[in-house]
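Working notes, beginning with the structure itself.
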Amino acid sequence: MPDLEGFIQTDYLVALAVAVVAAVAITAIIALVFRVVGRKEAWARTLVGLVRVPFRLMLLVGAIWTVHTLFLQTSEGIERLVDFFFRALFIAASTWLVCALLYFFEEVAAGRYRIDVRDNRVARRVRTQLRMLRRIGVAVIVICAIGAVLLSIPGAATLGASLFASAGLLSVVAGLAAQSTLANVFAGIQLAFNNALRVDDVVIVETEWGKIEEITLTYVVVHIWDDRRMVLPSTYFTTNPFQNWTRHNSELLGAVEFDLDWRVDPAGMRVELDRIVAQTELWDGRVVVLQVTDAVGGFVRVRVLVSAADAPTLFDLRCLVRENLIDWLNTHNPEALPVGRMELRREPPRAEVPARAAPSAHPVTAPIGLFSGDENAKARAAEFTATIPVQEGPAEKR
């Protein structure tokens, strides 16, 4: 009997070593094949980088589990414990592998939609939806994996039946407790698929100008222009108004305004503006307009409209136009610079006020007004004051 136990133990160790070597060899061969393919195909390199470790771990755990089940016999309690341990490891490794495959499919699909081009609206929408689908898939797979591990515990069937019996009450309690969280989850899904907000969109939120950096199931990260990050719940974008500058396209119009003196030369400014935008790559060639939009209060309001390919380029273009036009005004049209005017007047000494004359006996003649003074005015007044005619019914006529 001791010899038989030693034989079984030796046989188990040999089988275990063979299984480990075989698992490592299989993963090495598969990785070598994909590396060779990856010299020409980028997707193969991405696949190897993402699934190499979880695939090797899953294959190794499966080989050891199989050898242990076939060659090692122990007591029933220890056998159940070891079997649960290997099953949990195998489920965890498989879950890791499936999640890595989801990342791989997202990368491959997103690679067909480039966002480093001028018109990338469709690409940004597809990438946002792919990212949201991947996150939902990972969440569902992890929940299913945890459920599979729990159901493999001895006696878990009875526990599961008890839990399902009280599922109605628990669902109500959980729904009330996680109401805000569930609202954010559904809001995140809505944002990903209603095309109102996408990753890399330029927005103005809470008076801050920035770019959508990340959209998750519960929150949205806005990258502010000065490298700050604003984290907002997903429900904010479904319940509050916000400005999306790149919903349909990235091209934008921007304004530069000046309050100048009345002696400004708009024609000269217009010629200088055309020269400025023609010499910069920031202008996209669509719109360049200079107009006098107001002239009250002692100043002339001059507004310049220019267009650019996207919001950051437009910001730089507006600064460039403002700076060069200020320089032109100081050099070629200095009299147009805004000035404040004040008039000093010296009043002559007052003479004595004469006594009031008696009221004139001449009749007062009323001027012609809108509703009085002549026949046309009286006719207009009658249209507003005349009695509204009432049409008699058949019974009243009789």
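- If you take CZ on F299 and CH2 on W262, they are separated by 11.5 Å, rounding to the nearest 0.5 Å.
- V271 and L290 sit in two unconnected hydrophobic clusters of ILVMFWY residues. Membership requires side-chain heavy atoms under 4.5 Å apart, directly or through other members.
- Taking the side chain as every heavy atom from C-beta outward, R45 and V48 never approach each other to under 4.5 Å.
- Using cut-offs of 30° and 60° for the angle between ring planes, the W65 and F86 rings count as parallel.
- The CD atom of Q243 sits 4.0 Å away from the CD1 atom of I204 when rounded to the nearest 0.5 Å.
- Put simply, CD1 on I212 and CG on L197 are 4.0 Å apart, with the number rounded to the nearest 0.5 Å.
- D316 and T313 share no donor-acceptor pair across their side chains, judged by distance under 3.5 Å alone.
- Under the 4.5 Å side-chain criterion, counting only non-hydrogen atoms from C-beta, Q291 is in contact with V289.
- Considering only heavy atoms from C-beta on, L260 comes within 4.5 Å of M269 through its side chain.
- The two atoms that bring I215 and V199 nearest to each other are CD1-N, 4.0 Å, heavy atoms only.
- In this structure, T216 and V220 have side chains that are not in contact, with every pair of non-hydrogen atoms separated by 4.5 Å or more.
- Note that the CG atom of L329 and the CD atom of E272 stand 9.0 Å from one another [nearest 0.5 Å].
- From I91, atom CD1 reaches atom SG of C144 across 11.0 Å, with rounding to the nearest 0.5 Å.
- Hydrophobic clustering places L317 together with V288 (ILVMFWY residues linked when any side-chain heavy atoms are closer than 4.5 Å, directly or through intermediates).
- N333 and D265 form no side-chain donor-acceptor contact under 3.5 Å, judged by distance and modelled atom types alone.
- When side chains are defined from C-beta on, I30 counts as touching F55, because their heavy atoms get closer than 4.5 Å.
- Among all heavy-atom pairs drawn from V138 and C99, the shortest one is CG1-SG, 4.0 Å.
- In this structure, the side chains of L47 and L101 come closer than 4.5 Å at one or more pairs of heavy atoms.
- Between the side chain of S307 and the backbone N or O of V287 there is at least one donor-acceptor pair closer than 3.5 Å.
- Contact between L130 and A109 at its shortest, heavy atoms only, is CD1-CB, 3.7 Å.
- Between V306 and L253, every side-chain heavy-atom pair lies at or beyond the 4.5 Å cut-off.
- The shortest side-chain heavy-atom distance between V321 and W283 does not fall under the 4.5 Å cut-off.
- Going from atom CG of L59 over to atom CZ of F90 covers 8.5 Å, rounded to the nearest 0.5 Å.
- Applying the side chain to side chain donor-acceptor pair (under 3.5 Å) test to residues at least two apart or on different chains, the pairs with a partner in residues 219-229 are E208-R228, E213-R229, H223-D227, H223-R229, D226-R228.
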